[in-house]
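This report refers to the structure that appears directly beneath it.
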There are 2 protein chains.
Amino acid sequence: MDDAHEISARDRFERLHREIRTRICLLDYAPGTRLSEADLAAEFGVSRTPLRRVLARLEGEGLLHSVQGVGTFVTDAGIEALEQTYRLRLELAGLVVRLDPVMPDAATLAGLEALAGPTRRLREAPDPRAFAALNMEFFHLMLGLIGNEPLREVTERMYFQTTRIWLKSVFVSRIDLRHELQIFEREIGETLDALRLGDVQAAALIQRAHLSMSFQRLRDG
Amino acid sequence: MDDAHEISARDRFERLHREIRTRICLLDYAPGTRLSEADLAAEFGVSRTPLRRVLARLEGEGLLHSVQGVGTFVTDAGIEALEQTYRLRLELAGLVVRLDPVMPDAATLAGLEALAGPTRRLREAPDPRAFAALNMEFFHLMLGLIGNEPLREVTERMYFQTTRIWLKSVFVSRIDLRHELQIFEREIGETLDALRLGDVQAAALIQRAHLSMSFQRLRDG
DNA sequence: CGGGGTGATGTTGTGCACAACATCATTCTC
DNA sequence: GAGAATGATGTTGTGCACAACATCACCCCG
């Protein structure tokens with residue numbers, strides 16, 4: 001009971017869960033990739049048993065799929081399934097304002113401002129993975145605007161379902177990374193403008209618009 | 001490879017998952033109940049290992065909560081958390097029409113008609129658990145109207161989160177069962193009328209209205 | 001008589017060995 | 001030479017023994 005150095009089983013679980021989920025979202029494990037339970041367990045210094053619990057959770061979240069005797073694979077999504085999820089995400093973004101919108105605190109605004117710099121710098125030396133990381137950080141800051149907890153959970157879930165597929169198109173250069181960075185930088189700026197005015201509704205509308213357009217570019221690209 | 005008598009590991013998992021989830025929803029395992037991994041494993045004739053996978057999934061769905069050294073408990077929800085989920089459910093019900101509403105097939109209509117009889121009969125000898133079962137069957141038939149798959153998943157998830165809490169109030173007689181049966185019977189009838197006309201929107205609106213009113217009764221009761 | 005320590009007991013968490021299963025290369029047969 | 005049987009290999013799934021942990025009753029000490 002000295003301090004936080006002691007880690008419980010739950011903490012270990014959360015840590016592994018977040019780590020692997022992040023890798024999936026950042027395309028370190030791209031859709032279709034086969035994961036090895038034994039390798040992952042060895043890497044994290046645990047046995048297969050607790051690791052399998054993490055994988056089971058990720059399977060429940062729709063990010064993995066295990067088949068006995070074959071392997072566990074990162075799920076993929078066709079354009080039709082992707083469109084369904086995108087359409088739902090659009091509607092969910094509209095619900096943010098109807099259900100307990102939250103005024104951003106100073107830390108959130110500071111976090112958004114802190115995002116602008118690295119994004120601009122990234123345009124000089126575009127890197128898909130760094131872009132993915134910034135995108136994810138931006139999204140998680142925006143999650144703070146959602147006061148309705150179930151809606152927040154669902155929104156996050158849908159984000160992880162779709163964004164990695166979208167990012168795949170950026171990685172494969174079907175979508176121009178420089179262009180996306182330019183748009184992303186503008187999205188951050190517009191969102192900041194809205195939030196500085198305390199206009200959460202405007203921020204939500206901006207996010208909706210960018211979400212819609214990003215899917216259009218994915219479709220056309 | 002003879003026929004369907006051979007059950008795969010996945011089938012076993014699905015079966016256990018559905019069975020336990022149903023028990024939770026029907027309040028065989030009421031909120032706060034402690035489940036014994038050993039007992040459940042013994043009952044289903046498997047070891048703790050595959051059972052724990054099922055429990056992990058249910059924990060991911062927000063229905064269970066495990067604490068090392070203490071036990072795994074069926075989750076409960078306060079009135080505030082419940083209201084948040086109900087408000088989200090209301091909005092989701094409104095999205096059904098915006099996102100791929102599906103015309104009910106003959107089997108669905110037949111299923112709804114088949115529900116009317118038992119419901120009316122139940123009013124003569126009210127039984128909370130039988131009511132819960134009919135309610136669940138009704139809901140699953142209505143899920144068929146949702147063409148957007150992610151929306152269907154989320155809607156189902158939110159149903160399992162809230163309905164069991166609502167049913168708890170019926171079990172404890174904080175809500176009058178006879179009255180609820182009367183209302184439920186009317187809801188089925190109204191829904192059938194709308195669906196026979198092919199008016200999915202009307203059916204969705206009816207469901208929204210009843211959802212809203214049921215929460216009001218829970219709040220006031 | 002009160003309070004803290006301490007062990008018994010029961011729970012979930014972990015590690016490991018093996019079973020079930022799928023896949024692929026090899027070999028045997030025709 | 002072609003195709004089917006078969007074994008080797010690697011994967012996830014299962015069972016079991018034990019560790020880690022929380023709780024509570026009990027006892028010892030003051």
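Throughout, a chain's letter reflects where its sequence line sits, starting with A, and its residues are numbered from 1.
- Atom CZ in B/R53 sits about 18 Å away from atom C1' in C/dT12, given to the nearest Å.
- The phosphate of C/dG13 (OP1 or OP2) has no side-chain N or O of A/R12 nearer than 4.0 angstrom.
- For B/R129, the side chain to side chain donor-acceptor pair (under 3.5 Å) criterion is met by B/D28, not counting sequence neighbours.
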Please tabulate, one pair per line, all N/O donor-acceptor pairs under 3.5 Å involving side-chain atoms of residues 145-154 of chain A, not counting sequence neighbours.
| from | atom 1 | to | atom 2 | distance (Å) |
| --- | --- | --- | --- | --- |
| A/N148 | OD1 | A/L151 | N | 3.1 |
| A/N148 | ND2 | B/Q84 | O | 3.1 |
| A/R152 | NH1 | A/I146 | O | 2.7 |

Polar atom pairs (N or O), protein with nucleotides 21-26 of chain D, under 3.5 Å:
none

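- For residues 29-51 of chain B, the pairs satisfying salt bridge (charged side-chain N to carboxylate O under 4.0 Å, His left out) are B/R23-B/E43, B/E37-B/R48, B/E37-B/R52, with sequence neighbours left out.
- Note: CZ (B/F73) to P (C/dT11) measures 10 Å, nearest angstrom.
- Annotation: proximity of residues 43-51 of chain A to DNA chain D (heavy atom, distance under 4.0 Å) is found for A/R48, numbered in ascending order.
- Counting to the nearest Å, the C1' atom of C/dT12 and the CG atom of B/L55 are 10 Å from each other.
- For the pair A/R52 CZ and C/dA17 C1', the computed distance is 14 Å after rounding to whole Å.
- Contacts classified as ring-ring contact (aromatic ring centres under 6.0 Å, His included) and involving residues 29-61 of chain B (residues at least two apart or in different chains) are not found.
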Sequence neighbours left out, cut at 3.5 Å: what donor-acceptor pairs do the side chains of residues 131-141 of chain B make with other protein atoms?
| from | atom 1 | to | atom 2 | distance (Å) |
| --- | --- | --- | --- | --- |
| B/N135 | OD1 | B/Y159 | OH | 3.2 |
| B/H140 | ND1 | B/M136 | O | 3.2 |
| B/H140 | NE2 | B/E156 | OE2 | 3.1 |

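- B/E14 has its CD atom 16 Å from the C1' atom of D/dG13, to the nearest Å.
- Residue pairs meeting the side-chain hydrogen bond (donor to acceptor under 3.5 Å, both in side chains) criterion with at least one member in residues 61-71 of chain A, sequence neighbours excluded, are A/H17-A/E61.
- Sorted by first and then second residue, the pairs that involve residues 77-105 of chain B and meet ring-ring contact (aromatic ring centres under 6.0 Å, His included), not counting sequence neighbours, are B/Y86-B/F215.
- Between the A/S212 side chain and the A/R208 main chain, no donor and acceptor come within less than 3.5 Å of each other.
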